[in-house]
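Ligands are counted one by one from 1 in listed order, and the atoms in each one are counted from 1 as well.
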Amino acid sequence: MRHPIIIDTDPGLDDAAAILLALAAAEELEVLGLVAVAGNLPLAQTERNARRVCELAGRPDVPVYAGCSRPLMRSLATAEAVHAETSRDRLLLPEPTIPLRAEHGVDFLINTLRRAEPGTVTVCALGPLTNVAMALVKAPEIAARVREVVVMGGACFEVGNVTPAAEFNIHVDPHAAAIVFDSGIPITVIPLDVTHQLLSTQPRLEALRALGNRCGPAVAELLTTFEKNRRAKSGSRRRALHDPSVIAYLLRPSLYEGREVNVAIETQSPLTVGMTVVDWWGVTGRPVNAQFMNTVNANGFYELLTERLARLP
Ligand SMILES: [Ca+2]
């Protein structure tokens, strides 16, 4: 039986690669729907980009919903300098013909999870956790239906990428993150500690370009643009790849290693708001609420990504 997943996402260049990896793994994963959230870009662009990714993959059957347009309490801070769509004078993704579904994304999450057997559906959270938190506030009984929430977000020893203390997804909506981490749902975290090990080197991008289909070279292009924009914005030459690890973890968990820890979210301090406070050494006595990854087999990850993307058009 295939593993049912819902992808909550803010595409986003690396989100697009993650969605394509999920659609390329149709033998293992059943994508019940994509729910867009405001994050990397405003909601109108993330829901549209989600549809563009389905278009690229030749999967108009995958339903796409729009969720929340802003964080629960803070005003929206995007990353348009990195993720704006037309950065190389041409569109990286085709225009969508797939319509946006009418149902609100939060209601799709709730209604889908209510119909599911207990502990069966995995929620893949590739952006700020606003939609997932809203669903849990509106219908707390859905928590028991979730098998796991796999979150790309946070950091421990790698500290922050948008402030010195905080990673982007958690920083955009720390209150939502706090609700999710306090929900009692099993959580796996793919933090910067992992994603900074996944360098999109030239040989790895060339392997994607050489696939000879539409989607492989498109992902190489998306990742190249991602790196170029990040470098232009921050001056950093450090490469990284974030969101596809959420899907790769589901397909091949043995690529990842981590530790069972307590993770608390800072929501108050102006200096460290959005920080994932990870009790790595177990000094607080607070109960374990997450599996926090810190190591990845980078070659294994890129081999998996390339091998799976070869199955797409
Ligand atoms: Ca994302």
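At a cut-off of 3.0 Å, Asp243 is counted among the residues with an N, O or S atom near the Ca ion (ligand 1). Counting backbone and side-chain atoms alike, Leu126 contributes an N/O/S atom closer than 3.0 Å to the Ca ion (ligand 1).
With hydrogens and angles left out, the side-chain atoms of Tyr256 and Thr188 include no donor and acceptor closer than 3.5 Å.
The Ca ion (ligand 1) forms the vertex of an angle spanning OD1 of Asp15 and OD1 of Asp10; to the nearest 10 degrees it equals 90°.
Between Arg252 and Glu303, none of the side-chain N atoms (NZ, or NE/NH1/NH2) sits under 4.0 Å from a carboxylate O, so this pair counts as no salt bridge. Look at Arg70 and Asp173 and you find no salt bridge, because none of the NZ, NE, NH1 or NH2 atoms lies under 4.0 Å from a carboxylate O.
Using modelled atom types, no side-chain atom of Glu158 and backbone atom of His196 make a donor-acceptor pair closer than 3.5 Å.
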